[in-house]
Amino acid sequence: MTSPALGFQHLSAELRLYCGEDSLAALAKELKRSGSKRAVVVSGRSVSASPAMDLLRSALGPVLVGESQSVRPNSPVQAVEEAVRVLRELEADAVIAIGGGSAAVTARAAAILLAEQRPPQELCTRRLPSGQFDSPRLDAPKLPQFVIPTTPSTAFVKVGSAVHDADTGQRLALFDPKTRAKALFLHPEFLRTAPADLVMSAALNTLSTAVEALESPKCDPVSEAMLTHALRLVARHLDRMAPEDIGAREYLAIAALLCGRGTEQAGGGLASVLAHAIGHRAHVSNGIVNAIVLPHTMRFNEPVTQATSARIAESFGQPPAAAAADVLASLLAPLPIPHRLRDIGLAQEDLDAIASAAMSDFFISRSPRRVQGAADVRAILDAAW
């Protein structure tokens with residue numbers, strides 16, 4: 001039997017990754033390499049107060065000129081604007097994001113708003129009357145970004161920055177490749193700072209994102225290699241959340257980075273869309289929402305994903321003939337997390353508004369099975385409720 005000929009493009013940006021106790025010294029060298037002399041940290045309050053920050057302050061010395069503690073869950077616009085103010089006042093020439101996905105997004109979005117000097121409502125991706133999405137070009141030079149993760153988030157290697165407009169409830173997606181991180185640093189003391197529930201949520205988000213990318217017909221063989229290994233690492237370490245198990249946290253962080261890079265060609269799908277629409281309404285992390293809805297979105301996609309489900313099942317150590325959605329549900333069932341939308345406080349009366357919001361999300365167009373309308377989304381929500 002012969003294999004079909006391949007035809008694809010895999011375009012990959014530079015990745016500079018340092019892991020271990022000497023990684024902060026590498027950060028000092030990377031800042032020098034970029035010509036940066038006035039770096040500013042963007043983080044949350046809990047990270048800023050951790051003993052790990054003393055290690056960073058000692059490693060960077062006078063190059064670290066200040067800190068913004070503005071990061072909040074879901075990256076609200078107000079938090080981003082506060083980070084912009086600090087960056088401007090301190091005349092920053094580099095940004096160091098420390099924390100989870102919200103820290104990376106807040107730092108990137110702040111760099112965009114600082115450079116473009118316009119509100120995010122004028123800079124975000126919009127859905128046109130035709131149903132197509134349009135992302136404006138953001139041409140101004142951006143401050144170089146460096147990242148020290150505390151959770152295993154896929155956001156660290158991305159270039160999109162979705163912020164939440166509390167006044168309208170809208171999710172504003174900003175896209176600028178110039179905000180891609182110059183380098184990432186996995187340091188054990190920073191990875192130790194995150195509570196176990198935050199690590200679990202981020203790991204579940206990695207799992208969901210990898211599954212959705214593997215379902216995509218745009219997943220090429222190089223991406224597949226990164227994504228399947230990301231799933232293997234998550235499956236092996238998902239029950240090891242204790243702060244003292246640094247090895248597990250490092251592997252989960254590596255899984256997230258592999259997943260983030262593996263989804264450059266084929267991004268999120270329906271589960272990501274629903275997490276975006278539900279997370280800020282229920283005040284629940286995207287990872288938890290993903291874990292609830294993903295088996296149901298996979299079953300919605302089953303008519304068109306038979307050819308891709310085998311690689312998902314195999315990544316979880318199951319035979320290729322196994323139903324991928326059932327394998328995933330079995331993996332998630334023992335975890336101490338909510339398993340239904342009603343368990344996170346959503347009422348059935350909320351589901352129509354969520355379905356409507358989902359239809360305006362850019363990722364809706366990436367579902368392997370075409371979503372015909374809000375009724376399709378509502379059916380998935382009903383099954384997950």
- [ ] Taking W385 for its side chain and L346 for its backbone only, find out whether a donor-acceptor pair lies under 3.5 Å.
- [x] yes

Quiz item: Thinking salt bridges, do R366 and D361 make one under a 4.0 Å N-O criterion?
Solution: no

NZ/NE/NH1/NH2 to OD/OE distance under 4.0 Å, D93 and K37: no

E14 atom CD, over 12 foreign heavy atoms within 6.0 Å = yes

Could you verify whether a donor N or O on one side chain and an acceptor N or O on the other, from N74 and S102, lie under 3.5 Å apart?
no

Going by heavy atoms in the side chains, are L204 and L332 under 4.5 Å from each other? yes

* For residues Q69 and S48, is any side-chain donor paired with an opposing acceptor at under 3.5 Å? -> yes

Just by distance, no angles: are the side chains of S223 and K218 close enough, under 3.5 Å, to form a donor-acceptor pair? no

**Asked** With a 4.5 Å limit on heavy-atom distance, are the side chains of I98 and L56 in contact?
**Response** yes

Do E212 and S272 have side-chain heavy atoms sitting under 4.5 Å apart?
-> yes

Check whether any side-chain heavy atom of I112 lies under 4.5 Å from a side-chain heavy atom of K142, and answer yes or no.
yes

| said: Distance alone, cut at 3.5 Å: any donor-acceptor contact between the side chains of E314 and T228? | reply: no

So, T151 and S153: side-chain donor and acceptor under 3.5 Å apart, yes or no?
no

Across all chains, not counting sequence neighbours, the salt bridge (Lys or Arg N to Asp or Glu O under 4.0 Å) partners of R180 are E264

task = Kindly say whether L186 contributes a backbone atom to a donor-acceptor pair with the side chain of E250 at under 3.5 angstrom?
result = no

One should read off an interatomic distance between S135 OG and R126 CZ, to the nearest 0.5 angstrom, of 9.5 Å

Notebook entry, point to check: Does a salt bridge link R85 with E89, judged by any charged N lying under 4.0 Å from a carboxylate O?
Noted result: yes

### Query
So with a 6.0 Å cut-off around CZ of R342, is the heavy-atom count from everything else above 12?
yes

Result for side-chain hydrogen bond (donor to acceptor under 3.5 Å, both in side chains) between Y18 and one of H187, E30, K29 points to E30

S208 backbone acceptor or donor facing N290 side chain under 3.5 Å: no

By side chain to side chain contact (heavy atoms under 4.5 Å, CB included), A109 pairs with (sequence neighbours left out) V80, S161, V163, L174

Sorted by chain and residue number, the side chain to side chain donor-acceptor pair (under 3.5 Å) partners of R378 (sequence neighbours excluded) come out as D352, D382

inquiry  = When you compare the side chains of S75 and T106, does any donor N or O come within less than 3.5 Å of an acceptor on the partner?
reply    = yes

**Prompt:** Is it true that a side-chain atom of Q145 and a backbone atom of V95 form a donor plus acceptor pair closer than 3.5 Å?
**Reply:** no

Between R240 and D245, is the closest basic N to carboxylate O distance under 4.0 Å? yes

Check: Is the Lys NZ or Arg CZ of R236 less than 6.0 Å from the centre of Y251's six-membered ring, within 45° of the axis?
Finding: no

